[in-house]
Structures are given as structure tokens and as C-alpha cells.
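Each chain gets a letter, A, B and so on, in the order the sequences are listed, and its residues count up from 1.
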Amino acid sequence: MDYKRLAELLFPNVTQTPADMESLYPARQLPEGAKVTRFAPSPTGFVHFGGLFPTTVAERLAHQSGGVLYLRIEDTDARREVAGAAEGLIKTLSRYGIDFDEGAILDESGKVSDKGIYGPYKQSLRGPVYHVYAKQLVSEGKAYPCFTEAAELEEILSVNKKEEIKNTDWQAEAEARRAEMLKAREITMDEVEKNIAAGNPFVLRILADGDSERKIKFTDLVKGAMEIPENDEDFVLLKSDGIPTYHFAHAVDDHLMGTTHVIRGEEWLPSLAKHLQLFRYLGFKTPKYLHIAQIMRLDENGNKKKLSKRDMGANMDDYTEMGYCPEAVCEYVMTLLNSNYEEWRMQNPEKSYKEFPFNIKKMSVSGCLFDFAKLEDVSKNVISKMDADKVTDAVTAWALEFDAPFGKLLSENRDMAKAIFSIGRGGKKPRKDLATWRDAKPYMGFFFDEYYEVESPYPDKFPKEDIKSVLTEFLATYEPADDMTVWFDKIKSIAEKNGYTTDMKAYKASPESFKGNVADVSMFLRLAVTGKVNSPDMYSVMQILGKEKVEARILTMIEKL
RNA sequence: GGCCCGUUGGUCAAGCGGCUAAGACACCGCCCUUUCACGGCGGUAACGGGAGUUCGAUUCUCCCACGGGUCACCA
């Protein structure tokens, strides 16, 4: 077979050579140790948690080393492409602290456009580049055309599928595939010429030189040393529309774009041998690989499953709606990513997670279960460290989008809202009431008459007269100008007067010898003023609520009793 | 089914040949406290199984079991 001629036949319009490509894509001039990483999504939907995870690694590794993080859009499957997905991906990632230095990123007008000299960064626009290398491989006898149509091939293979038991006969299929492959390899120049003349489409297959009985030693930066079988499968390089498959595009692009570290999910491990083979065929230096363990979820049988789209907690946009702040999600991601992160955080409570010395060696090799309880805890800590202004703004912004009436109230009463969110904030032991912005309304909605509602009646064990008497006497002596001590002293004396002790120790020792204690009396007031049995510090609540509202609510309660 | 990866408490995990096997979350109890939220103290709870190497294995090797991933002209 005259490979040169074959190459000309298949790619008559390709005039450039790999050497031309090399000069078009010069090696990056970066300091020693700088890592070049990338996020390479197919624009088929939204960012999900399982995607944010490795992308955070890519971002940290690049920026921590003074390197480059770029975005390449892998839109090689037009059928699956979703309009506007790329924009959405970029915006979402940006919320989670992932901003790109280069690639198909958003310009001022919000449109996806290229930044950087290694473009185009959309694979659908890179056809000519791939074809240069395709032609090269053909001319070296490392790839060949296959004119068997997809449907035809599928028919051949599906004969061997036992549909009725919904179980693939793997061995039969593999044998059939192998036979087809061997047959395809035998194609003659005559056949090629005929097909080309007839305008028949073809796929370009690699001519695999591997033997699956032989193993390649390989070291993954996360997984460590491993042995994988060589690739002996003539996988497709170019689809019949001339667009490359992932495998081919990966090799060509990551080489040309100067990627030093390929970071991807471990589901890619099984096709690694293909990639290694391809890099070798093309004469490219292989990048370092980090195959990241998958995030898992529990299925209905209690088994772990890879967290995928549509799973609860998958779509990052859902986190926005649930009211999780990006900082908290990043924090949680970091705790999962590096086992020593939490320790570092305890020693550096105020620093940005980006100051954490991220270390590949501290990454887990096995997939972890997504844990909402942990996220909640992390989130409470993150929010407890924010100042009142930030919390107020964030809650308001969230509410404006997802609970408009509440949002309107908050923005119209910003000072009050800020005062509310200031309660117990700052200091060594801040309150941790909020895990999400959504938690705000149940926590403090009662400040607004619109959401004030008495959640439960007084317990039957307390006589109505006592409650009425406490409320009445409180009203008689209430003076907003009182400081907290004076205020509470008044409550204490009302308690004593009604036979409710202020001596908590004595009460605990023998509860039966008292009608109740000052905590009960406080509860009488709390339920009237807040409508709830639990609330933040009641003195602060009353201060913010103001004399008028406090009195009105208590009065209404007295009437209802 | 083949291949690859993995397996320390309910979850995330330290450990890297000798430890009473860390810590965090969750859970439970106590303390603090006018409720709650914090905070403090304490508690329940783990090396998948079997061989081997070794004076000694959670740590090294092998086998098994289990879990996961993957076997496209999808990425």
C-alpha cells in the first residue's frame, strides 16, 4: 500500500504539515514548574458537582503554580449540543471561583469568544488542524479509512446482542467487532479509490499496534502506579463528518495548546491506553494525568453510584436556588479534595481557600459520597464569619430571585434586616443559624408582620391567668431605653411576683416545688413577641422590633388568651 | 463477561511494619444558658475475608469477596 498516495486521496485539500502546526502553536514560555491545565466540557448542559470537582483541581494547580487555566469547548458531537450551554457553564464556574486566563471565554458583550493564541478553542472550528495530523498518520500507515457505515456496523454487531435478556453478550460482540476490524484493515487502494470517487463517507481508524496481553506501566499523579493493557482496538479518529472523536482531539489539542496536566474523572482510565498510543503515534510528549475519583451518591438499594446529572445535588444552579453560597460550596469541595484542608482552615480561619497549599498527594484515590450534612456544617461556618452587610445583601439578592415578596420586604427595610443579621454576629462564638439563604426566612421572618405567626399555643401546664398576668405586667413596665440588665431584672421580678423562680439551680433540684421558672416566663413573652418558642436574643429582638410592635403583639396575645 | 480502579466508624478521613488506630461531620449525654444558635467536656462507633512475608501487620505480597468505572462514528 502506498500510504503517501492514500493520504493524498483522503485529504487532498490538506497542504499543511505537522511542522507548520508546531510553528503556529509555539511552546509556551512559562516559568519552571508552571502548570497548564484546562476545563474541556462538551456544551451539553449545566455544570454539575461532579464537574466542578476536577475543575477546581485544574484551577488550583494552574494558578497556584503561576500557570495557565484555559477553556476548550469540546463540541464535536453536534447532536448533543445545547444552545447557550457554553455561556452558562462559564458563568456558573465563575461563581465558584473558577476564572479562565485563556480560551473560549466571555467577552464584554457576554458572547463566547477566543482569548489567546492557541485557538480556535472550539473543537468544531479546528477541523483543518486535526486533518493535518490525520493525513500525517495515514501517510505513515498508522491510520486507515473505513467505509462501513455506522448503521451497517451496528447491524453486524447487534446480531450478537441478546436483547431479550437485556444482557450484552460481551464476548460475541468483541469477536464480531474484532472480525470487522480485521476485515476493514484489508481495504485495498482500489476500494478506496472507488469509494472516494463515489463520494462515500468514511471514518478514519487508527491502526492499533498494541497487544492486549501486554501491559503498559503508567503512573497517574492521583492513582499512582498502575498497569494497563495495550490498546489493540482500531478506534475511530475522525468521524464520517470529518470531526474528530474525543480521543484524537484530546491528543492533538492538549499537545498543541501546551497542556501539562490533564485533569479528568477516573471514568477516562479505561481509554487511557488509546491516548497513550495516540501520543506515541503522533510523536507528542504525553502530559501528566490526574484521574480524579468520582463523587458518589447512594442509590435506592444503598449502593454507591457515580453522581451524575439529574441526581439530587448535581446541578450547580440548584445550589443557587437552595441558597448555598458559592464560598461554602468551594469550602466543601476543598475539604473533599485535600484531606488536610480542614486542619489548615482551623489554623487559618480568615484566609481565602486559594491561599491553601493544594497538594496532589493529599488527594483521595477513592470516590467519596456527597454529604449534605457536611456541606451544611461547612456552610454555617462560612456564613457565620461574614459580616452583617454581606449577609444582608446576599439574603436579599437570593430572596429577590426566589421569594420576591420576602425580597421586597428585605430591600425596603434594609437597615432593620442588617440589624437582625447583626444579632450574635462577630466575636469569638458567633451564632450559626444559617446554612443557606433560604434559612433566613424561618429564622427571622417573624420580624415582619407579614410573616409573624404564632406557631404553637402555650403549653397547658401553665395557667392562662399566669401568662396573661406576666404579659400585662411586662407591658406596664416595658421601657425600650432600658439596657439589657435592667430589662431582664424587670422580667425577673415579674417572674418572682407570679411565683416563677429565678433560681435555676433550685428549680432544677426540685422542679415540682415551683410553678415554673424565669425561662418559662421568658417563653411567655417570646411566643407573644416572635410567635416562636425559639428565637435569637429577645432583648435584641425587641430593640429592633420597636416599642410599638412589641406592645401591639403582646396586647393581641393577651386578648387572644 | 473482559479490563481498570478502589475497600479504616453512618459519612469524609489520618495512618505509610510496633499507636490505648487521629481529627471533622452526624448521633447521644453532660455543662454553660431566659429559648434557640454558639461554646466547652465526654460517649457510641472502624482497619471486608483468607493465606503468606516478618519477631511483629491497618500498613508489604497473593487470592477471594464486595463496591465502582468502562467496553460507541458520546464525551
Side-chain angles (χ1 to χ4, degrees), chain A residues 40-42 44 74-77 79-80 123 146 148-151 153-154 157 167-174 177 201-205 212 220 223-224 226-229 233 235-241 243-247 249-250 264-273 291 293-294 296 298 303-306 332 335-336 339-343 345-346 362 364-378 380 384 423-424 427-434 443 488 491-492 495 502 504 517-527 530 532-539:
Chain A
S42 54
T44 55
E74 311 222 321
D75 54 345
T76 53
D77 186 3
R79 291 167 304 166
R80 298 200 312 150
Q123 290 182 330
C146 172
T148 312
E149 301 245 18
L153 183 63
E154 200 173 308
L157 297 175
N167 206 336
T168 309
D169 186 337
W170 293 105
Q171 203 183 338
E173 177 167 341
R177 193 172 282 280
F202 65 90
V203 297
L204 191 72
R205 291 182 179 276
S212 62
D220 182 88
K223 297 275 182 184
M226 63 179 83
E227 290 194 345
I228 53 176
E233 188 190 331
F235 61 94
V236 171
L237 262 20
L238 292 178
K239 297 183 256 186
S240 55
D241 57 4
I243 304 282
T245 56
Y246 170 87
H247 310 300
H250 157 50
R264 50 162 48 162
E266 66 181 343
E267 72 271 21
W268 287 107
L269 230 29
S271 46
L272 181 62
H291 287 96
Q294 299 283 353
M296 313 296 271
L298 243 29
N303 286 327
K304 285 186 181 180
K305 283 277 174 296
K306 147 177 158 184
Y332 178 54
T335 66
L336 293 180
S339 54
N340 55 332
Y341 181 75
E342 286 189 273
E343 192 187 344
R345 170 54 76 206
M346 277 187 259
K362 291 289 182 181
S364 180
V365 289
S366 53
C368 64
L369 227 40
F370 185 90
D371 185 5
F372 262 107
K374 183 71 182 182
L375 206 213
E376 290 266 315
D377 177 70
V378 167
K380 280 184 180 178
S384 76
I423 300 173
K428 275 241 174 284
K429 296 187 262 183
R431 295 188 65 91
K432 295 178 180 174
D433 302 287
L434 309 178
Y443 168 65
F488 196 56
I491 291 174
K492 283 203 265 194
T502 54
M504 294 305 284
N517 61 53
V518 70
D520 298 321
V521 169
S522 298
M523 183 267 286
F524 299 164
L525 287 164
R526 176 172 288 108
L527 194 60
T530 69
K532 294 149 70 76
V533 173
N534 303 325
S535 78
D537 171 57
M538 199 166 40
Y539 177 77

| message | With rounding to the closest Å, how many angstrom separate the C1' atoms on B:rA45 and B:rC4? | response | 33 Å

| request: Just jot down the ring pair (Phe, Tyr, Trp, His ring centres under 6.0 Å) partners of A:Tyr341, sequence neighbours excluded, or say none. | output: A:Trp344, A:Phe356

| field | B:rG10 and B:rG2, which share atom name P, separated by this distance in whole Å | value | 31 Å

| 5'-most by nearest nucleotide on RNA chain B - A:Met296 or A:Lys239 | A:Met296

| task | Verify the contact: side-chain N or O of A:Ser339 to OP1 or OP2 of B:rA14, cut-off strictly under 4.0 Å; return yes or no. | result | yes

| said: In whole Å, measure the gap between the P atoms of B:rG68 and B:rU61 for me. | reply: 25 Å

| Does a side-chain N or O from A:Lys306 land closer than 4.0 Å to OP1 or OP2 of B:rU70, or not? | yes

| said: Ring centroids only, cut at 6.0 angstrom: are A:Phe370 and A:Tyr332 within range, meaning strictly under it? | reply: yes

| query | According to a strict under-4.0 Å criterion, is A:Arg264 in side-chain N/O contact with OP1 or OP2 of B:rA75? | reply | no

| Euclidean distance for P, B:rG48 against B:rG42 (whole angstrom) | 29 Å

| said: Treating primed atoms plus P, OP1 and OP2 as sugar-phosphate and everything else as base, which nucleotides of nucleotides 32-38 of chain B get B, S or - for protein heavy atoms under 4.0 Å? | reply: -BBBBBB

| Do any side-chain nitrogens or oxygens of A:Thr245 fall under 4.0 Å of OP1 or OP2 in B:rA75? | no

| query | Dot-bracket for RNA chain B: what is it, with Watson-Crick or G-U pairs under 3.5 Å, [ ] where a pair crosses earlier ones, and | for a pair to another strand? | reply | ((((((((.[[[..)..(....]]].(((((.......)))))....[[[[[..)....]]]]])))))))....

| message | Roughly how many Å apart are B:rU54 and B:rU59, using the C1' atom of each and rounding to a whole number? | response | 13 Å

| message | Going by side chain to side chain contact (heavy atoms under 4.5 Å, CB included), name the residues that satisfy it together with A:Ala495, two or more places apart in sequence or in a different chain. | response | A:Tyr500, A:Thr502, A:Val518, A:Val521

| note | Contact string for nucleotides 1-11 of chain B, one letter per nucleotide 5' to 3', B = base within protein heavy-atom range under 4.0 Å, S = sugar-phosphate only, - = neither, reads B-SSSS----S

| task | Would you please name every residue forming a salt bridge (Lys or Arg N to Asp or Glu O under 4.0 Å) with A:Asp220, sequence neighbours left out? | result | none

| request: Give a yes/no on whether any side-chain N or O of A:Thr76 is located under 4.0 angstrom from OP1 or OP2 of B:rA75. | output: yes

| message | Using atom C1' in both nucleotides, what's the gap between B:rC63 and B:rU53 to the nearest angstrom? | response | 15 Å

